[in-house]
Amino acid sequence: MFLCGLWAISMKSAVLCMLKRNPHDHVLYRMRLGELESLAETAGYTVLERVIQVRRKEAVDYVFGKGKVDELKELVDAKGVETTIFYNILSSKQQYNLEKYLRVRVIDRYDLTLEIFDLASVDELSKLQILWARLVKAFPYRRLGASIKYKIGREHPSFMSLGEYPYHSSLKALTGEIKKVEERIEKQRVLRMEQLENRKRLGVPIICITGYYSAGKTSLFNALTGLNKPIGSKPFTTLSSKYHLSSHSRQDIFYVDTIGFVNDLDPRLIQAFQLTLNDVTASDLVLLVLDISDPTPIMKLRLETCQEILEFLGIRIDRVILVLNKVDRLLESDVVERFHALEDNVRVYPWVLISARERIKLEDLTNMIYEKLRLTCTS
């Protein structure tokens, strides 16, 4: 359903922009831009050009320096670009100024990620979390726009005036909308916490499958549970957590498939999806899935991203098993090379090489899970 929805989107033209602060970075910025392009294509954009400026600090007004903004304006006009997408997270002032000057829609990777989430969301909680994230991001932008529209050059409120009353009324309406969404999310939070407590009372271990998007988390979930949940090649096909009780001769287990991570994730998005991420923090074990077939620099960056997010969520190292997935896509020599590249990262975890799709080495993983659970219960 998600993929059909994506292909139904009419393609929109876009140019990608990045301010590169580190002049010595000759690799990682390309990876980040490549990922931004992949996300843009997932959201239905046709990327026409990339614009990069190397600068130690962002320009307060436009992110880019004035000369580069002029260059971007010429490109947008010449190519008929509809949307400009920045990798950098834009302040309200930067976004407002860029839209006013370029006269096209301007978004950043926060907005772009939410667009993809919107396409993938099917349940009420996901939609509420996305709406909250949109409103919180929009508030300072709307405040700036309303301030400029109603305050500059206008009189204070009086009979027949259009001064500060409309300005405050506009912000009050948006604040009220945010509050209503927060109240609905709170009801969902109470319900979700009750469900988690009920599962905990059963005494059945909860194992959460997490990791970078498109690492094969849902494939692993299907392989461990015998289910056939939809698997997509596009990012973020899973937004709401899926629980399944698997009965085994050794031990019953709740397996959970949940939202994937992404590089440079804005803290506000983590906050927005806190309810979903609670499924990670409440689990007894975390299977951290890594696509070992990725090029080595990308693989390392994605693992480090996942490690940072798990640390932010308070997940202890002793609760994690590193699952190196998609081993079927590599020659044995490639596997050895990638594993050596990860040596400093993986030494802190128990790890296993598998292919979820081909069901390779799954028994090694399940044995590791049961042993880890046994040690957890006896410690």
Step through the shown structure and confirm whether more than 12 heavy atoms of other residues, nucleotides or ligands are within 6.0 Å of [atom1] on [X].
{"X": "E183", "atom1": "CD", "answer": "yes"}
{"X": "K200", "atom1": "NZ", "answer": "yes"}
{"X": "E311", "atom1": "CD", "answer": "no"}
{"X": "E363", "atom1": "CD", "answer": "no"}
{"X": "K361", "atom1": "NZ", "answer": "no"}
{"X": "R103", "atom1": "CZ", "answer": "no"}
{"X": "R32", "atom1": "CZ", "answer": "yes"}

Residue list, side-chain hydrogen bond (donor to acceptor under 3.5 Å, both in side chains) with D279, at least two apart or on another chain: R192, S241, Y243
Applying side-chain hydrogen bond (donor to acceptor under 3.5 Å, both in side chains), can you list everything that pairs with E49, at least two apart in sequence or on another chain?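 By the side-chain hydrogen bond (donor to acceptor under 3.5 Å, both in side chains) rule, E49 matches K79.
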Testing the 3.5 Å rule here: is there a donor-acceptor pair between the side chains of N263 and R109?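 Not at all, the side chains of N263 and R109 share no donor-acceptor pair under 3.5 Å.
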Is there a donor-acceptor contact under 3.5 Å linking the side chains of D264 and Y87? yes
State, with a plain yes or no, whether a side-chain heavy atom of [X] is found less than 4.5 Å away from one of [Y].
{"X": "R357", "Y": "R329", "answer": "yes"}
{"X": "V51", "Y": "M18", "answer": "no"}
{"X": "L131", "Y": "L135", "answer": "yes"}

Would you say [X]'s side chain and [Y]'s backbone share a donor-acceptor pair under 3.5 angstrom?
{"X": "D291", "Y": "S293", "result": "yes"}
{"X": "S283", "Y": "V286", "result": "no"}
{"X": "R50", "Y": "L16", "result": "no"}
{"X": "K300", "Y": "L342", "result": "no"}

Against the six-membered ring of [Y], is [X] placed for a cation-pi contact (under 6.0 Å from the centre, within 45° of the normal)?
{"X": "R199", "Y": "F254", "answer": "yes"}
{"X": "R302", "Y": "Y213", "answer": "yes"}
{"X": "R55", "Y": "F64", "answer": "no"}

Any chain of hydrophobic side-chain contacts (each under 4.5 Å) joining L265 to I116? yes
Using the six-membered ring wherever Trp is involved, compare the ring planes of F221 and H244 and label them parallel, tilted or perpendicular (cut-offs 30° and 60°). perpendicular
Between W351 and F339, what is the ring plane arrangement, given parallel below 30°, perpendicular above 60°, and tilted in between?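 Ring orientation, 0 to 90° scale: tilted.
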Aromatic ring proximity, centroids under 6.0 angstrom, F117 and F273: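 They qualify: ring centres under 6.0 Å apart.
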Before accepting this row, confirm whether a basic side-chain N of the pair K73/D77 lies closer than 4.0 Å to the acidic partner's carboxylate O.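 The answer is yes: the pair qualifies as a salt bridge.
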Test log, rule side chain to side chain contact (heavy atoms under 4.5 Å, CB included), inputs V60 and K93: CA-CA 8 Å; V60 174; K93 182 178 181 180; 4.1 Å; yes
